Amino acid sequence: MNLIFMGPPGAGKGTQARQIAEKYGIPQLSTGDMLRAAVKAGTEIGKKAKAAMESGGLVTDDIVVGIIADRIAEPDCKKGFILDGFPRTVAQAKALDSMLKERALKIDHVIDITCDTEALVSRITGRSTCAKCGEGYHKEHKKPAKEGVCDKCGGALTTRADDNEETVRNRLTVYDQQTAPVIGHYRHAGAFKTVDGMQEMNTVFKTLCSIIG
Ligand code: AP5
Ligand code: MG
């Protein structure tokens with residue numbers, strides 16, 4: 001089962017991808033998470049990506065395409081994968097098409113999670129993330145049992161460097177200009193679906209499960 005989760009920043013791609021990954025036993029491939037790990041580790045990719053990420057802009061296509069090409073070749077992707085936050089430009093979508101063709105793979109579902117703009121801003125500015133396992137929390141919608149501590153693994157909750165209001169607004173503009181056109185790339189393929197991300201988290205999850213089967 002190969003899936004693409006699309007949607008603007010804060011729509012719930014990561015929240016849902018983590019749960020779907022657990023239920024279906026396939027990995028969540030978040031280019032955002034991979035790039036943040038590279039920035040933290042100070043790798044060459046991390047050094048190149050840092051400034052774009054902090055301003056809310058996109059990292060270059062060659063970097064993210066390279067990351068995904070390597071990642072989907074790993075053994076844990078044999079049963080399938082969930083692309084979370086990739087492709088984000090039409091050029092990335094075309095590169096993915098060729099990558100899949102070369103490996104005789106196909107995407108089963110492209111799911112666009114939609115959400116109102118003001119809800120996106122409040123979701124992102126209220127978000128915290130576990131530094132250890134990546135679980136996401138929200139100060140109103142998903143509070144941890146103990147403040148600042150992950151319910152799942154006991155790790156410390158942190159705030160992303162790009163989760164302030166100014167950067168969020170820039171990320172939304174970048175999404176409209178560069179990522180929304182990717183929907184056109186997939187819309188006419190039978191595998192494209194839209195899910196209302198304004199619903200409660202569990203309802204979104206159930207809707208996704210009913211699509212995936
Ligand atoms: P990335 O990490 O992908 O960030 P993003 O797309 O901006 O999306 P988010 O992770 O912010 O949102 P999400 O949809 O995952 O929401 P979440 O589930 O956490 O990318 C970061 C940066 O990396 C980019 O800006 C770019 O620089 C670079 N990058 C990454 N991929 C790239 C690529 N392919 N090409 C180029 N550059 C790339 O939910 C948000 C909050 O809302 C949480 O607090 C959650 O608890 C809450 N929430 C979730 N669902 C609900 C709900 N239904 N109701 C109420 N609250 C909810
Ligand atoms: Mg995410």
Side-chain angles (χ1 to χ4, degrees), residues 4-21 28-40 45-46 48-69 71 82-93 95-96 111-116 118-130 134-144 150-151 157-165 167-180 182 195-208:
I4 296 176
F5 283 2
M6 292 191 60
K13 302 179 296 291
T15 301
Q16 298 300 333
R18 273 189 299 278
Q19 289 189 68
I20 294 289
Q28 168 204 11
L29 312 186
S30 158
T31 38
D33 288 349
M34 293 184 237
L35 290 166
R36 276 185 289 280
V39 170
K40 199 173 167 196
I45 285 181
K48 286 182 189 159
K50 193 170 189 274
M53 293 179 79
E54 280 177 359
S55 70
L58 293 184
V59 173
T60 57
D61 290 334
D62 59 326
I63 291 183
V64 286
V65 167
I67 290 177
I68 289 296
R71 186 64 186 87
I82 309 165
L83 294 173
D84 160 7
F86 180 93
R88 240 173 161 102
T89 63
V90 172
Q92 290 176 24
L96 177 65
I111 303 176
D112 184 35
I113 305 177
T114 60
C115 189
D116 297 352
E118 286 316 307
L120 296 172
V121 174
S122 104
R123 282 185 189 186
I124 290 181
T125 51
R127 169 170 57 191
S128 55
T129 310
C130 175
E135 185 67 11
Y137 292 88
H138 190 275
K139 66 181 180 192
E140 285 156 25
H141 312 300
K142 192 180 164 191
K143 288 185 189 168
C150 178
D151 292 345
L157 300 187
T158 56
T159 307
R160 272 169 49 176
D162 60 346
D163 276 358
N164 55 75
E165 182 154 355
T167 310
V168 170
R169 299 255 175 219
N170 190 33
R171 280 156 64 195
L172 292 171
T173 305
V174 168
Y175 173 84
D176 287 341
Q177 291 172 346
Q178 300 192 58
T179 307
V182 178
V195 168
D196 178 9
M198 287 297 287
Q199 303 175 98
E200 202 267 321
M201 285 181 219
N202 273 333
T203 312
V204 177
F205 179 65
K206 283 182 192 146
T207 311
L208 290 171

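Position 1 is the first residue of the sequence, and the numbers go up from there. Counting convention: from 1, in listed order, for ligands and their atoms alike. Since the structure is predicted, the reported quantities are computational estimates derived from the model, not experimental observations.
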Inset, instruction - Could you check if a side-chain atom of Gln16 sits within less than 4.5 angstrom of a side-chain atom of Phe205, using non-hydrogen atoms only? - result: yes

Legend entry - Student check: side-chain heavy atoms of Pro87 and Ile4 closer than 4.5 Å: yes

Legend entry - Nearest-option assignment for atom 21 (C) of ligand 1, heavy atoms, candidates Gln199, Arg18, Arg36: Arg36

Legend entry - Among Lys13, Arg123, Lys142, Arg88, closest by any non-hydrogen atom to atom 3 (O) of ligand 1: Arg88

Inset, instruction - Could you find the nearest protein heavy atom to atom 16 (O) of ligand 1 and give me its residue, atom name and distance? - result: Gly12 N, 3.4 Å

Legend entry - Atoms in ligand 1 flagged as close to Gly57, the criterion being non-hydrogen separation under 4.0 Å: 25 (O), 26 (C), 27 (O)

Legend entry - Heavy-atom side-chain proximity of Asp151 to Glu135 below 4.5 angstrom: no

Inset, instruction - Out of Met53, His141, Gln92, Arg127, indicate the one that has the non-hydrogen atom closest to atom 55 (C) of ligand 1. - result: His141

Legend entry - Pair Arg160 + Asp33, salt bridge at N-O below 4.0 Å: no

Legend entry - Heavy-atom donor-acceptor pair, Arg88 side chain to Gln178 backbone, under 3.5 Å: no

Inset, instruction - Kindly confirm or rule out an N or O of Gly136 lying under 3.5 angstrom from an N or O of ligand 1. - result: no

Legend entry - Protein residue, atom and distance nearest to atom 36 (C) of ligand 1, heavy-atom basis: Val59 O, 3.2 Å

Inset, instruction - Measure from the side-chain N and O atoms of Lys13 to the backbone N and O of Gly85, and report whether any donor-acceptor pair falls under 3.5 Å. - result: no

Legend entry - Winner among Met201, Met6, Gln178 once heavy atoms are compared against atom 57 (C) of ligand 1: Met201

Legend entry - Enumerated ligand 1 atoms positioned under 4.0 Å from heavy atoms of Leu35: 28 (C), 29 (N), 30 (C), 38 (C)

Legend entry - Interfacing atoms of ligand 1 (cut-off 4.0 Å, heavy-atom, Gly14): 13 (P), 15 (O), 18 (O)

Legend entry - Side chains of Thr31 and Val59 in contact at under 4.5 Å (non-hydrogen atoms): no

Inset, instruction - List the closest protein heavy-atom neighbour of atom 31 (N) of ligand 1: residue, atom name, distance to the nearest 0.1 Å. - result: Thr31 OG1, 2.7 Å

Inset, instruction - Answer whether the closest heavy-atom distance between the side chains of Thr207 and Asp196 falls below 4.5 Å. - result: no

Inset, instruction - Would you name the heavy atoms of Gly197 and Arg123 that are closest together and state the gap between them? - result: O-NH2, 2.7 Å

Inset, instruction - Among all protein heavy atoms, pick the one closest to atom 45 (C) of ligand 1 and tell me residue, atom and distance. - result: Thr15 OG1, 3.7 Å

Legend entry - Reference residue Asp162; test salt bridge (charged side-chain N to carboxylate O under 4.0 Å, His left out); the match among Arg127, Arg171, Lys50: Arg171

Inset, instruction - Indicate yes or no: does Glu118 engage Arg169 in a salt bridge with an N to O separation below 4.0 Å. - result: yes

Legend entry - Glu200 N/O to ligand 1 N/O under 3.5 Å: no

Legend entry - Atoms of ligand 1 close to His138 [distance to a heavy atom under 4.0 angstrom, numbered from 1]: 44 (O), 46 (O)

Legend entry - Region of Val64 engaging ligand 1 - heavy atom pairs below 4.0 Å: side chain

Inset, instruction - Give the residue, atom name and distance (to 0.1 Å) of the protein heavy atom nearest atom 7 (O) of ligand 1. - result: Arg171 NH2, 2.9 Å

Inset, instruction - Around atom 10 (O) of ligand 1, find the nearest protein heavy atom and jot down its residue, atom name and distance. - result: Arg160 NH1, 2.9 Å

Legend entry - Enumerated ligand 1 atoms positioned under 4.0 Å from heavy atoms of Tyr137: 43 (C), 44 (O), 46 (O)

Legend entry - Results of side chain to side chain donor-acceptor pair (under 3.5 Å) for Gln19 - residues two or more places apart only: none

Inset, instruction - Distance to 0.1 Å, residue and atom name: give those for the protein heavy atom nearest to atom 12 (O) of ligand 1. - result: Gly10 N, 2.8 Å

Legend entry - Atoms in ligand 1 with a heavy atom of Gly197 nearer than 4.0 Å: 53 (N)

